[in-house]
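These notes concern the structure reproduced below.
Fair warning: this is a prediction, and the values are worked out from it, not measured in the lab.
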Amino acid sequence: MSTSAMTSPVVTDRAAVITGIGSYVPPDVVTNEDLTARLDTSDEWIRTRTGIATRHVVTPGTATSDLAVEAGQRALKSAGSAVADAVVLATTTPDQPCPATAPAVASRLGLGGAAAFDVSAVCSGFLYGLATASGLIAAGVADRVLLIAADAFTTIIDPRDRGTAVIFADGAGAVVLRAGDPQEPGAVGPLVLGSDGGLSHLIEVPAGGSRQRSSGRPAAPEEHYFRMRGRDTYRHAVEHMTRASHEAVARAGWRPPDIDRFAAHQANARILAAVADRLEIPPSRRLSNIEHVGNTGGASIPLLLAQAAAAGQLTAGHKVLLTSFGGGLAWGATTLQWPDVTAI
Ligand code: COA
């Protein structure tokens, strides 16, 4: 790398700063008892293995963009301005394979004309989206970015698969990011991102893409559903979220005891506990909403942040560690000091 490349041009001093946050979950709630009526499972198994009691689900006719628009509206209201130069949508369940869903969301939000595109990083979509938004701002491409993470995850879940149907649910969260100073509250800290495509088969929807279509073989209906090898995934999730968290904390110049709030992708309560234990973060500093929303894929972290902020569990000045893991495999972590925003 040349000397000139290593010195920071002015533009890289522009950090992405959170200035608004909102979330949305569809009104319909499915309880564990509801699931036991159609699956060979029990409330006790679901609670002890996953930490989930209830989850919100879309009803027929509702798509990811509908959730994204609701969360996006709330984030813009929270930011006090309906302006954004770019709309980034992190999702695994786009409304259709082509085109991206973000342009339609931008248009419905009155942001037609803004740059708009989707980010595909499954349950790490929000952190990959934060990196994307930070890059747009640092490069001077945008001054304000609306980042939405939304998933109608139940639309790709096989209702007969007890290994996934009890875990995944629907929701959306969004943040407005503006150009600001790296040292100010709300500035997105150093981002640690990683992937391991050699293990892509652990979490996948086998059909519907060019691989299956070009095979000349029609897909079986069940190949359009999401599959997860739970036990293997669990092991990698704990390992990568722990390692990425350590690295993000170190890059921020923090130590684990500095962390006031731990906001991890709500994959499974036992995974979260295992990661937090390894990071030596006490239970009082761990944010969690999985009991009432389940695993909402990419939406999970902004939904958690918005609900925790609205409930007063996350307040201005808190040092927050974010970490996620999911299909790809893809994982990430970052830090930020919570800004003075009203979550809607
Ligand atoms: N109800 C009752 N029993 C169930 C069940 C359910 N809903 N789902 C699975 N089981 C059974 C299995 O069939 C298995 O039975 P067997 O021992 O007779 O074969 C037993 O429970 C244990 O299965 P296993 O998959 O090993 O359970 P687990 O303790 O690993 O928990 C998950 C399963 C999916 C909850 C857990 O592995 C997990 O959360 N994995 C990671 C999820 C994740 O992080 N995903 C990535 C990010 S989204």
Side-chain angles (χ1 to χ4, degrees), residues 39 41 45-46 48-52 55 64 90-94 97 118-129 131 149 151-170 192-213 215 217 219-247 264-278 290 294-301 322-333:
L39 283 170
T41 188
W45 193 97
I46 301 170
T48 55
R49 300 292 185 116
T50 71
I52 301 167
R55 72 285 285 150
T64 293
T91 187
T92 304
T93 54
D118 293 358
V119 165
S120 177
V122 198
C123 296
S124 288
F126 182 69
L127 289 185
Y128 272 72
D151 269 317
F153 226 103
T154 58
T155 61
I156 55 168
I157 294 296
D158 182 346
R160 299 155 304 175
D161 177 8
R162 66 178 182 171
T164 55
V166 303
I167 297 174
F168 289 93
D170 306 326
V192 176
L193 302 175
S195 75
D196 183 354
L199 293 173
S200 59
H201 59 283
L202 295 186
I203 297 174
E204 64 174 345
V205 177
S210 59
R211 178 69 66 199
Q212 174 262 313
R213 286 169 189 263
S215 72
R217 180 184 63 82
E222 60 272 19
E223 290 181 291
H224 287 285
Y225 285 126
F226 178 91
R227 293 177 184 172
M228 177 174 72
R229 285 177 42 184
R231 198 172 287 181
D232 293 334
T233 301
Y234 190 111
R235 190 165 49 81
H236 292 289
V238 173
E239 180 191 324
H240 288 296
M241 283 199 281
T242 303
R243 198 181 300 156
S245 294
H246 272 304
E247 204 177 324
H265 163 51
Q266 303 287 291
N268 172 319
R270 288 187 302 144
I271 291 178
L272 304 180
V275 175
D277 285 348
R278 281 165 174 73
I290 192 169
N295 180 334
T296 56
S300 161
I301 289 180
L322 315 179
T323 187
S324 65
F325 174 88
L329 304 176
W331 56 86

Consider only side-chain N and O atoms of Thr91 and Asp118, and report whether a donor and an acceptor are under 3.5 Å apart. no
Between Thr50 and Asn268, do the side chains contain an N or O donor and an N or O acceptor separated by less than 3.5 Å? no
Donor-acceptor contacts under 3.5 Å from residues 196-204 side chains, at least two apart:
unit_1	atom_1	unit_2	atom_2	d
Asp196	OD1	Gly198	N	3.0
Ser200	OG	Gly197	O	3.3

Less than 4.5 Å apart, any side-chain heavy atom of [X] and any of [Y]?
X      : Y      : value
Trp331 : Leu127 : no
Val275 : Arg278 : no
Met228 : Ile167 : yes

Euclidean distance, [Y] [atom2] relative to [X] [atom1], rounded to 0.5 Å:
X      : Y      : atom1 : atom2 : result
Ile271 : Ile290 : CD1   : CD1   : 8.5 Å
His240 : Arg235 : NE2   : CZ    : 9.0 Å
Leu329 : Cys123 : CG    : SG    : 11.0 Å

Do side-chain atoms of [X] reach the backbone of [Y] as a donor and acceptor pair under 3.5 angstrom?
X      : Y      : result
Thr323 : Ser245 : no
Gln266 : Ala264 : yes
Asp151 : Gly298 : yes
Thr93  : Thr64  : no
Ser300 : Thr296 : no
Thr164 : Ile157 : no

Worked verdict on Arg243 versus Glu239 for salt bridge (charged side-chain N to carboxylate O under 4.0 Å, His left out): CA-CA 6 Å; Arg243 198 181 300 156; Glu239 180 191 324; 2.9 Å; yes
Results of ring pair (Phe, Tyr, Trp, His ring centres under 6.0 Å) for Phe153 - residues two or more places apart only: Phe168, Phe226
